[in-house]
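Structure first, commentary second.
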Amino acid sequence: MLGRLRQMLIKEFLHVIRDKRARFFLFAPPVIQTLVFGYAATLEIKHVPVAIVDYDNSQVSRDLVSRFQASRYFEVRRLSDRREIPELIDRDEATMALQINSGFARDLGKGETAHLQVVVDASNSNTALVGLGYVNQVAQGFAREYRLKTLARQAPALAGGLPEIVVERRPWYNPDMSSQWFFVPGVIGNLVLVIVVTLTAFAVVREREIGTLEQIMVTPIRRVEFILGKTIPFFLIGLLDTALISAAGTLWFHVPLNGSFLVLGAGTVFFILCMLGVGLFISTVSATQQQAMVTSFFFIMPAVIFSGFGSPISSMPDILQRLTYLNPLRYYEVVLRSVYLKGGGFDLLWPQMAAMAAIALIMLTVSVLRFQKSLE
Amino acid sequence: MGADDFTIELDGLTKSFPDVRAVDRLSFKVARGEIFGLVGPDGAGKTTTMRMLAGVLAPDAGSARVAGYDMTRDPEGAKQHISYMPQRFGLYEELTVDENIRFYADLFGVARAERETRAAELLQAAGMVEFRSRLAGKLSGGMKQKLGLVCALVHTPEVILLDEPTNGVDPVSRRDFWRILYTLLDQGVTILTSTAYLDEAERCHRVALLHEGRMLFCDTPENLKGNLDGAVVSVVCAEPRPVKELISGMEGISTMMIVGDGLHLVVREPGRMIPELRARIAAAGLEVDSVEEVAPSIEDLFVEAVQKKKGEKP
């Protein structure tokens, strides 16, 4: 038994090392995804290009414009004519345009409401929303100071004594609110998913395609030996990838691993078992590697989107939120981020672990049964 | 002969798939040291029979004993003693010749020393000694099929099942292939092979003709050929249908069959019939390239056997 299993494993590793496609799936996704999510993907919005037309051209309006220029959130470009605005926005050279009409300073001086008109390219609704928030912040800050100055001139006794609320920020677990800290642990889940599912599905379908599956079945090998031979390599590869990306996250991106390696390892083992089940299942419904590829992506895309990896599950419609409970990646993402940033242990994370263990058990049972049938 | 002398015994073996009865109450026996051929067109049930005998497909009814094992009760026990080689043997292209052999040897639990001697012998016989460290994917088609045979024989099986093993293999490799098989027969191995080549069927001790899952005929190749009354005449033409209609009433033609390049006829007296046919076709103004006697192909024999069977029934 051990001789046969060992030979299956040797053969599988030789394949992964020598086959171009397998090698690609082994090395390309970790490198690309770690770089992309470590550097490029960020939820922060900075340097929003803004066009400003100032028809008032007063001391006050120039002060306001310089506030925008001083902010790191904006890249200001001054225009002399508002008719230039549509073209700038169409060409993506400006995301927002501010227009200060003449009479701005005069209205403020009279103690009346002054208007700052904002045009925003809302085709990217997220950027539009965040950008408007920033504009609001700058404008309100400016207005507040203007009021205080006016007050200091007209009623010096009151100045400095007005009631105010100041927000004291205490961001827990990620004090700089860095996107990297959010994404780098999360990307481990994505990678293990892509690598384990595709490699497992390919490994079985390829044997069917080249005829070795039938050939192996006429040898005295037992089904369990074959299935173990087809899953153990990818189990180990999944663990290795997790270790590598964890190391890169800690040493290169300086994301702290606050929890224990043991908890992370346990969560990873349960998750990989789920993915082996999915990979085997895909192999039983695909006749060719091409089909396996398409089916894999059919699974991978929704699994990632409905995991909370990027967009929060709490903002999804109710019915979709419920569906995410079937998604093993949802639990693994919680485990990853909790262990990394919050230092979560088994006492907190056992429900996620239990859910993944249950899904793994069901997926593996169904897949192995289906697989046995597909050999006929 | 005692019961032990038959290493393959089929009794009423039957297998249906959702849309077709692939093998229908098939019964025959193959003796130890015999090479037995299964002959028939695609869809005759050859591969299904082979797969049931190899223990990868369970029959619906009937029984099969291979190498003394009941294939419905203990297919796993029999596997150690059987070798099954499908049309394309499953090789790992990114493993070397040696690594492939080693893989299959280990699946059969062949001890290392035994594997070394056996592999050396077989590679020698296959003329592949100098390719041991080449990747299987870099071998020619014939070489691949020979490597498949080496892998299939490394565990010294008692019974070998070959499914059209030399289909599309170059003549030199085919010769090597058959030389290896004959050496094995001398050692008392039993071989069941399916083939579409008449020259290969002639190398078998006995052949069985399969048609739509049933056995039409089971005898020596000599008797199979003797079964054909007359000779085969080939009419080479682009439009065989009008020719077939034209000559369908003629006396002395027992079988007509449309083939790739025209029409094949089985006639009693080719010497008299060929000029007659030429004259009849010319008179009707139909165009043909040639009308000549050809060596009977397995297909001709087959069609003739099917026709005879139909004739016997009522």
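Chain A is the first sequence line, chain B the second, and so forth, proteins listed ahead of strands; every chain is numbered from 1. Values below: all heavy atoms of this structure, side chains included; hydrogens, waters and symmetry mates excluded.
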When every non-hydrogen atom of E94(B) is compared with those of R18(A), the smallest separation belongs to O-NH1, 2.9 Å
F108(B) side chain near R4(A) side chain, heavy-atom distance below 4.5 Å: no
Heavy-atom side-chain proximity of F103(B) to I216(A) below 4.5 angstrom: yes
Got more than 12 heavy atoms from elsewhere within 6.0 Å of CZ, F298(A)? no
Flag if over 12 foreign heavy atoms under 6.0 Å of CD, E130(B): yes
Is there side-chain contact between E99(B) and L14(A), with heavy atoms separated by less than 4.5 Å? yes
Around R88(B), counting heavy atoms of other residues, nucleotides and ligands shown, do more than 12 lie under 6.0 Å from its CZ? no
Please classify the contact between L161(B) and chain A as side chain, backbone, both or neither, with a heavy-atom cut-off of under 4.5 Å. neither
Give me the atom names and distance for the closest heavy-atom approach of P220(A) to L107(B). CD-O, 3.6 Å
Closer than 4.0 angstrom, basic N to acidic O: yes or no for E214(A) and R51(B)? yes
Given side chains that start at C-beta, do those of E12(A) and Y92(B) come closer than 4.5 Å, heavy atoms only? no
Between Q215(A) (side chain) and M85(B) (backbone), is there a donor-acceptor pair under 3.5 Å? no
Value for NE2 (H155(B)) from OG1 (T219(A)), rounded to nearest 0.5 Å, stands at 9.0 Å
Does the side chain of Q7(A) pick up a donor-acceptor pair with the side chain of Y104(B) at under 3.5 Å? no
Within 6.0 angstrom of R73(B) CZ, more than 12 heavy atoms from elsewhere: no
Please report the closest heavy-atom contact between V218(A) and V56(B), naming both atoms and the distance. CG1-CG1, 3.5 Å
Around F13(A), counting heavy atoms of other residues, nucleotides and ligands shown, do more than 12 lie under 6.0 Å from its CZ? yes
In Å, rounded to the nearest 0.5 Å, how long is the span from CG of D106(B) to CG of L5(A)? 11.5 Å
